[in-house]
Amino acid sequence: MKKVVSGMRPTGKLHLGHYFGVIKNWLELQEKYDCKFFIADWHALTNKYAETEKLKENIREMIIDWLSCGIDPTKSTLFIQSGVKEHAELSLLFSMITPKSWLELNPSYKDLKFNLYYQYLRDFLAGKQVKIIQTPPPESLDQALEKATGKQKNKIFEEYLREAFHRAFYNQKGIDFNWLKEVLVKLGLQKKLVEEAVRNLEEGDVGKEIDTLGFLAYPVLQAADILIYKADFVPVGEDQLPHIELTREIARRFNKLYGETFPEPEAILTEKSRLPGIDGRKMSKSYNNAIYLSDGREEVERKVLEMKTDPQRIRKNDPGNPEVCTVFTYHSIFTEDEKREEIAKLCREGSIGCVECKKLLAERINRFLYPIREKRKEVEKEIGRYEELFREGTEKARSQASKTMEEVRKGMGLWEF
Ligand code: SF4
């Protein structure tokens with residue numbers, strides 16, 4: 001049977017975005033392949049090394065979430081990465097043959113830095129009472145800049161801010177802070193504030209947590225996680241494709257230097273979750289906008305009632321546009337086709353209120369979560385037994401990993417103990 005390897009960093013409770021982005025796919029894979037799913041606790045340390053007090057709790061949460069969703073230890077090998085020390089040994093050996101430039105070019109390294117910088121900028125401005133409106137802007141950044149002369153300044157829309165920062169960040173010559181300052185002032189921000197925010201970015205501690213050897217080298221550890229089990233396939237989102245390519249390159253280089261040892265794994269491309277957070281932004285714990293798999297009925301109802309709707313719709317009988325409504329994006333996943341079409345029609349006619357529409361959605365999300373909640377009760381009651389299954393899985397993975405390591409050590413001509 002073909003082998004699949006995939007892992008998840010234990011960073012806290014799983015939400016619906018995780019379910020539709022990863023877990024749903026794993027549930028299908030476990031029926032067809034010999035799967036190894038692991039809790040990537042070493043990877044959680046690559047940028048959260050200073051916050052380990054919740055690590056064990058997060059691992060336990062992840063065990064409960066996975067099993068409640070139906071990830072099945074009798075079908076797949078489930079284990080915890082740090083229990084298989086061989087991953088670290090192989091990662092160390094791979095780091096000897098991996099040119100530094102392969103890692104410095106890794107796009108997700110740069111993207112993460114972008115996100116940290118951008119988040120800082122946004123939080124800084126919000127902390128200074130700058131109103132950053134999240135409604136999509138009616139025009140492009142270029143059009144806004146054209147208008148933004150003299151007294152006719154624009155409001156700062158989140159999209160403008162993000163786009164301006166994006167252009168400044170992904171600049172051929174490195175981050176163009178001077179250009180960014182000019183643009184933000186043109187868009188109506190106070191010069192003093194802009195100077196301060198940019199100075200903090202240039203000289204401050206933002207992003208320092210990822211300026212470590214561990215972070216730079218995490219794709220090498222990832223290559224070890226995959227190759228140590230000689231995986232055939234790795235399920236990944238499009239943004240992770242460069243990592244798989246790097247894994248393949250490391251395998252090729254190893255094979256060329258020390259003899260054919262590793263197969264080159266292929267990516268199984270998985271669709272990104274289409275579910276936004278309740279405020280319409282990307283669903284994320286840090287935005288406090290997620291619906292968790294462990295949320296109770298009332299919690300779900302409360303969150304759905306807070307969801308963003310069509311901003312143009314003020315009164316119940318105003319015609320609405322489901323295309324721009326977060327609630328409707330959820331309906332497109334949780335609601336049966338016929339009912340969904342009816343809701344869209346009633347919304348466009350202005351004959352259904354948003355509260356009623358949200359209640360229908362909350363009911364459907366709760367229906368979807370019901371079996372997960374029931375299973376959760378069982379898992380929580382017998383957590384000791386389920387943790388034991390992870391221990392057994394870790395042992396099983398370890399015995400396979402150590403076989404590969406024997407081959408590796410032999411191929412490399414290392415001392416035999
Ligand atoms: S009726 Fe439903 S789909 Fe239409 S705007 Fe309100 S919440 Fe959105």
Side-chain angles (χ1 to χ4, degrees), residues 6-26 39-41 43-51 54-55 57-59 61-62 64-66 69 107-127 132-136 157-159 161-163 165-166 169 206-207 209-210 215 218 236-240 243 270-295 299-300 302-309 325-327 329-330 332-334 361 365 368-369 372:
S6 191
M8 246 176 144
R9 296 187 333 148
T11 50
K13 302 185 285 185
L14 297 189
H15 51 59
L16 286 174
H18 293 118
Y19 184 91
F20 288 99
V22 181
I23 301 286
K24 188 170 173 275
N25 186 38
W26 283 9
I39 298 182
D41 53 345
H43 283 285
L45 298 179
T46 49
N47 64 335
K48 299 275 179 199
Y49 53 82
E51 300 159 34
K54 282 201 163 169
L55 192 56
E57 191 186 317
N58 289 346
I59 292 176
E61 249 336 306
M62 184 156 270
I64 297 172
D65 276 329
W66 283 10
C69 289
S108 54
Y109 179 66
K110 213 167 171 197
D111 291 349
L112 199 72
K113 202 157 185 162
F114 168 84
N115 282 330
L116 285 171
Y117 273 37
Y118 177 69
Q119 191 61 37
Y120 170 80
L121 183 67
R122 206 184 168 285
D123 290 351
F124 175 88
L125 295 173
I132 301 170
I133 301 159
Q134 284 164 22
T135 318
F157 286 98
E158 165 119 33
E159 281 76 1
L161 186 68
R162 199 178 170 87
E163 197 186 330
F165 191 59
H166 196 275
F169 191 88
V206 186
E209 66 268 35
I210 62 167
F215 190 87
Y218 86 84
V236 285
E238 214 168 356
D239 54 336
Q240 288 279 312
H243 287 167
T270 57
E271 233 182 83
K272 244 193 190 169
S273 163
R274 284 180 290 135
L275 276 186
I278 58 172
D279 56 0
R281 288 190 283 168
K282 182 178 177 241
M283 191 181 285
S284 158
K285 188 174 148 198
S286 50
Y287 292 155
N288 199 17
N289 64 1
I291 297 180
Y292 293 97
L293 299 174
S294 50
D295 280 348
E299 188 70 3
V300 169
R302 184 186 63 75
K303 288 183 179 174
V304 173
L305 280 177
E306 276 176 32
M307 254 184 210
K308 223 173 133 189
T309 59
C325 175
T326 306
V327 179
T329 310
Y330 275 71
S332 66
I333 290 182
F334 291 98
L361 174 65
I365 297 178
F368 166 81
L369 287 176
I372 297 177

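Heavy-atom basis, side chains included; hydrogens, waters and symmetry copies ignored. Since the structure is predicted, the reported quantities are computational estimates derived from the model, not experimental observations.
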task: Identify whether NZ of Lys or CZ of Arg in Lys13 sits under 6.0 Å from the centre of the six-membered ring of Tyr292 and within 45° of that ring's axis.
output: yes
Mind listing the closest non-hydrogen atom pair of [X] and [Y] along with its distance?
X	Y	answer
Asp279	Lys308	O-CD, 3.0 Å
Pro276	Thr326	CG-CG2, 3.7 Å
Met283	Gly17	SD-N, 3.5 Å

message: Which residues pass the ring pair (Phe, Tyr, Trp, His ring centres under 6.0 Å) test with His43, not counting sequence neighbours?
response: none
task: Using the test ring pair (Phe, Tyr, Trp, His ring centres under 6.0 Å), find all partners of Tyr330 that sit at least two apart in sequence or belong to another chain.
output: none
- request: Using the side-chain contact (heavy atoms from CB on, under 4.5 Å) rule, take Ile291 and Met307 through it: C-alpha gap first, then chi angles, then the decisive distance, then the call.
  value: CA-CA 11 Å; Ile291 297 180; Met307 254 184 210; 4.1 Å; yes
Separation of [Y] [atom2] from [X] [atom1] (nearest 0.5 Å):
X	Y	atom1	atom2	answer
Ile372	Ser294	CD1	OG	10.5 Å
Ile23	His18	CD1	NE2	8.5 Å
Tyr118	Phe165	OH	CZ	9.0 Å
Arg162	Arg122	CZ	CZ	9.5 Å
Leu305	Leu361	CG	CG	10.0 Å
Leu16	Ile365	CG	CD1	6.0 Å

- request: Would you sort out whether Met8 and Trp66 count as a side-chain contact (heavy atoms from CB on, under 4.5 Å), showing the intermediate values?
  value: CA-CA 10 Å; Met8 246 176 144; Trp66 283 10; 3.5 Å; yes
query: Does a sphere of radius 6.0 Å around CD in Gln119 hold more than 12 heavy atoms from other residues, nucleotides or ligands, not counting ones at 6.0 Å or beyond?
result: yes
task: Start with the C-alpha distance between Phe114 and His166, add both sets of side-chain angles, then the distance that settles side-chain contact (heavy atoms from CB on, under 4.5 Å), and finish with yes or no.
output: CA-CA 8 Å; Phe114 168 84; His166 196 275; 3.9 Å; yes
Residues which pass salt bridge (charged side-chain N to carboxylate O under 4.0 Å, His left out) with Asp295, listed by chain and number, not counting sequence neighbours: Lys303
- prompt: Got a sec, which residues hit salt bridge (charged side-chain N to carboxylate O under 4.0 Å, His left out) with Arg302, two or more places apart in sequence or on another chain?
  reply: Glu299, Glu306
Asn58: side-chain hydrogen bond (donor to acceptor under 3.5 Å, both in side chains) partners, not counting sequence neighbours: none
statement: Those residues at least two apart in sequence (or on a different chain) that pass side-chain hydrogen bond (donor to acceptor under 3.5 Å, both in side chains) with Ser284 are Ser286
query: Can we call the ring centroids of Tyr218 and Phe215 under 6.0 Å apart?
result: yes
query: Between Phe368 and Tyr19, is the gap from one ring center to the other below 6.0 Å?
result: yes
Checking the side chain of [X] only, and the main-chain atoms of [Y] only, is there a donor and an acceptor separated by less than 3.5 Å?
X	Y	result
Asp65	Leu14	yes
Asp41	Pro10	no
Thr270	Val236	yes

query: Does Ile278 reach the side chain of Val304, with side-chain heavy atoms less than 4.5 Å apart?
result: no
message: Between His15 and Leu293, is the side-chain contact (heavy atoms from CB on, under 4.5 Å) condition met? List the steps.
response: CA-CA 5 Å; His15 51 59; Leu293 299 174; 5.9 Å; no
